[in-house]
Protein chains: 2
Amino acid sequence: MRSEKDGLSERKKQILKAIVQAHIEGGEPVGSKYILENQHLNCSSATIRNEMAELENLGYLEQPHASAGRVPSEQGYRFYVDSLVEHYVMTANEVAQINRLLRAKMGELDQILVEASNLAANLTNYTAIAIKPRASLVTVSKFETIYLEPDHYILVAVSSTGSVKSKHLQTKEPVTPEALENLSGVLNMLMINLSADQITLPHMMKLEALLGNDAHLAADVIKAIYDLLKELDDGEVKVSGLDRLLQYPEYSDMGQLQALLGTLENKEEFLDLVSKNEGEDVSVLIGSESEVKVMNNSALVFKPIIKDGKTLGAIGVLGPRRMDYAKVLGTLEGLSGNIADLIGTGNQITGGVSNGQDAKEGG
Amino acid sequence: MRSEKDGLSERKKQILKAIVQAHIEGGEPVGSKYILENQHLNCSSATIRNEMAELENLGYLEQPHASAGRVPSEQGYRFYVDSLVEHYVMTANEVAQINRLLRAKMGELDQILVEASNLAANLTNYTAIAIKPRASLVTVSKFETIYLEPDHYILVAVSSTGSVKSKHLQTKEPVTPEALENLSGVLNMLMINLSADQITLPHMMKLEALLGNDAHLAADVIKAIYDLLKELDDGEVKVSGLDRLLQYPEYSDMGQLQALLGTLENKEEFLDLVSKNEGEDVSVLIGSESEVKVMNNSALVFKPIIKDGKTLGAIGVLGPRRMDYAKVLGTLEGLSGNIADLIGTGNQITGGVSNGQDAKEGG
DNA sequence: TTTAGCACTCTTTACTGCAGAGTGCTAACT
DNA sequence: AGTTAGCACTCTGCAGTAAAGAGTGCTAAA
């Protein structure tokens with residue numbers, strides 16, 4: 001006993017692993033007999049029972065009631081994910097699927113993320129989420145105006161992360177295309193690389209001054225810029241494959257499910273989660289580990305998409321605590337590799353560095 | 001008997017209405033005794049039973065099993081909605097809530113729709129959806145380019161409906177800001193007001209010719225324009241308050257629920273619905289009326305947002321068949337009035353005509 | 001045409017008993 | 001000391017039954 005540095009004998013590990021895997025597959029408590037039949041250990045069911053009792057004392061297993069089999073505890077899953085899970089390697093077929101679908105939809109990051117989360121849902125058969133984190137440091141790196149009618153133009157802003165947002169603006173007095181060109185010139189001089197709270201009264205004064213005859217545009221433009229910055233800052237959470245949750249009996253209990261759905265609509269908690277685990281490569285949050293109250297019965301695995309040290313987004317998989325971690329981890333690895341490649345090859349703001357497939361679990 | 005032109009005596013109507021309303025509230029079959037106690041008809045429960053038996057023969061009611069109360073049939077709801085429902089008038093409080101929240105989030109149509117559907121979900125306590133219909137006739141009315149780096153620029157397109165989309169483009173050979181200005185000029189001459197299938201080889205030839213030294217840009221630009229048009233065409237469906245469905249016992253049956261969730265992810269069916277009922281003011285689809293297979297137990301009420309004869313979007317409410325139609329209809333009326341006002345007052349592409357609060361049910 | 005009364009049907013709930021699954025413990029074995 | 005066989009015990013799940021309740025349809029009388 002105690003022959004291993006983490007305190008579990010090889011046999012205990014094997015039993016724990018078998019229990020976790022069996023429970024992942026079937027969703028029901030697993031008993032000593034099952035282990036005996038499916039795992040060729042050279043011992044009897046009684047021995048296994050003894051081991052299981054010890055594993056329970058150590059906190060890795062729990063018993064729903066006195067005479068049911070054992071179910072992995074949160075700690076049990078944790079240990080499984082950290083030390084026992086074998087890396088699932090995607091089949092050629094799956095890799096091909098990712099390549100085909102993702103490349104077909106090549107586009108802006110938002111789209112790629114959503115597409116990737118669709119794929120994740122399909123491949124893992126759990127619910128997946130695409131997360132675009134809040135970016136509190138985002139600024140506008142370039143302005144442009146588009147003249148439409150004498151009293152109507154569009155203000156376009158390109159953010160430091162490359163996304164493009166626009167706002168329609170209506171003017172009281174007519175403006176000329178030349179005035180608008182002047183406006184964008186002034187904006188590109190004055191208002192570049194400022195975050196919302198760096199825009200101060202002096203900026204506005206200067207803006208009005210530089211606009212000369214068109215000073216009447218200033219107020220609306222400033223408001224529009226504020227709005228644009230707010231939109232750029234804003235995180236987004238998009239959910240795919242929600243219906244897949246329902247096939248797992250743990251979600252047949254309404255109430256629980258309703259709460260979870262409610263949480264999913266409230267993107268805030270997920271955005272917080274992502275920014276909190278920013279440093280990690282892959283994060284695996286099991287049950288109550290993830291401060292999102294509702295998730296006691298669930299697990300969330302997510303992987304940020306990092307580019308040049310900046311977290312551009314994340315894709316995650318949400319499912320019951322007894323999630324097929326091997327498969328989910330493998331899928332997210334594969335997907336993120338592909339996304340990184342895609343971002344590298346062209347459609348994003350900077351070319352270069354590809355942060356590849358280096359796998360490591362987060363704590 | 002048969003004193004009314006639609007074939008139902010006043011008393012039958014009253015009974016039918018009472019049954020529908022009671023069922024809407026409680027969700028359970030309602031019996032003759034309940035009617036007797038809550039509706040002061042000058043008759044006994046036996047008479048009511050006779051009337052109910054007749055209403056059942058006429059197809060307005062059905063009996064879940066031999067000795068339960070009656071439940072309105074699809075036809076019963078239909079009749080209720082068409083002739084019996086009283087218009088719900090929003091409370092001052094509700095109107096104020098709409099005004100406050102909607103005006104605070106003034107912005108592009110997409111945002112307004114989503115915000116309105118959030119409100120609809122809150123006010124009605126059902127699930128709401130915001131629908132931006134496919135627009136197969138959409139074209140680009142203005143192009144603009146934004147220079148970022150020698151090998152990297154952005155193509156911006158303003159659609160005929162006023163929405164703005166953009167695409168990052170990477171070039172093999174370096175381009176100058178002047179070249180890009182030329183490019184947008186040429187695009188604004190050549191490629192304006194064309195739908196995807198109107199872009200032909202001659203266009204591309206001419207584009208290359210006019211670009212002169214920068215002809216190498218043409219291929220990528222054409223592809224980008226195709227992509228932009230596709231994105232502009234694309235409909236969107238956004239769901240709010242999904243969790244609210246679960247409080248109604250009709251959705252406690254998994255499977256049914258799972259199918260419905262699946263359908264909600266597949267926006268196609270909803271987009272089809274909207275375009276099919278384009279002419280209507282308010283559409284009320286009860287159960288199987290709405291060709292969406294899954295919805296046998298549900299009802300969908302939606303109202304298009306129309307501006308200058310064009311359907312810009314729609315907001316809808318989805319709930320159990322026994323939905324509080326009065327409240328839902330009233331809420332959608334109120335919301336759409338406010339949206340119309342908002343669109344009128346500034347942020348959208350054309351000013352003018354406000355299609356107000358004129359209410360009428362669709363058939 | 002309406003009503004009172006009653007028999008009938010069907011669902012819901014509670015309770016019972018039984019079979020099955022799985023454990024924990026003890027005593028014997030290596 | 002670790003392992004095993006055996007057995008008693010506990011808890012769940014299911015089937016069957018009985019009783020209560022709700023609501024109807026029908027009949028006969030007003």
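Quick note on labels: first sequence line is chain A, next is B, and so on, each numbered from 1.
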Please check the phosphate of [N] (OP1 and OP2 only) for any side-chain N or O of [X] closer than 4.0 Å.
X       : N      : value
B/Thr47 : C/dT3  : yes
B/Ser32 : D/dT24 : yes
B/Arg11 : C/dT2  : yes

Can a side-chain donor-acceptor contact be found between B/Thr124 and B/Thr331 if the only test is distance below 3.5 angstrom?
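No, no side-chain donor-acceptor contact under 3.5 Å.
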
Could A/Arg244 and B/Glu265 be called an ion pair, given the rule that one side-chain N must be under 4.0 Å from one carboxylate O?
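No, A/Arg244 and B/Glu265 are not salt-bridged.
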
Is it true that A/Tyr126 and A/Tyr248 have ring centroids separated by less than 6.0 Å?
yes

Has the side chain of [X] got a donor or acceptor atom sitting under 3.5 Å from an opposite partner on the base of [N]?
X       : N      : value
B/Ser67 : C/dT9  : yes
B/Arg70 : D/dG25 : no
B/Ser44 : C/dT3  : no

Could you state the CE-P distance from B/Met52 to D/dC26, rounded to the nearest angstrom?
14 Å

Can you tell me how far apart CG (B/Leu335) and CD (B/Glu94) are? Round to the nearest 0.5 Å.
10.0 Å

Could you say whether B/Ala66 or A/Tyr34 is positioned toward the 5' end of DNA chain C, judged by the nucleotide with the nearest heavy atom to each?
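Result: B/Ala66.
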
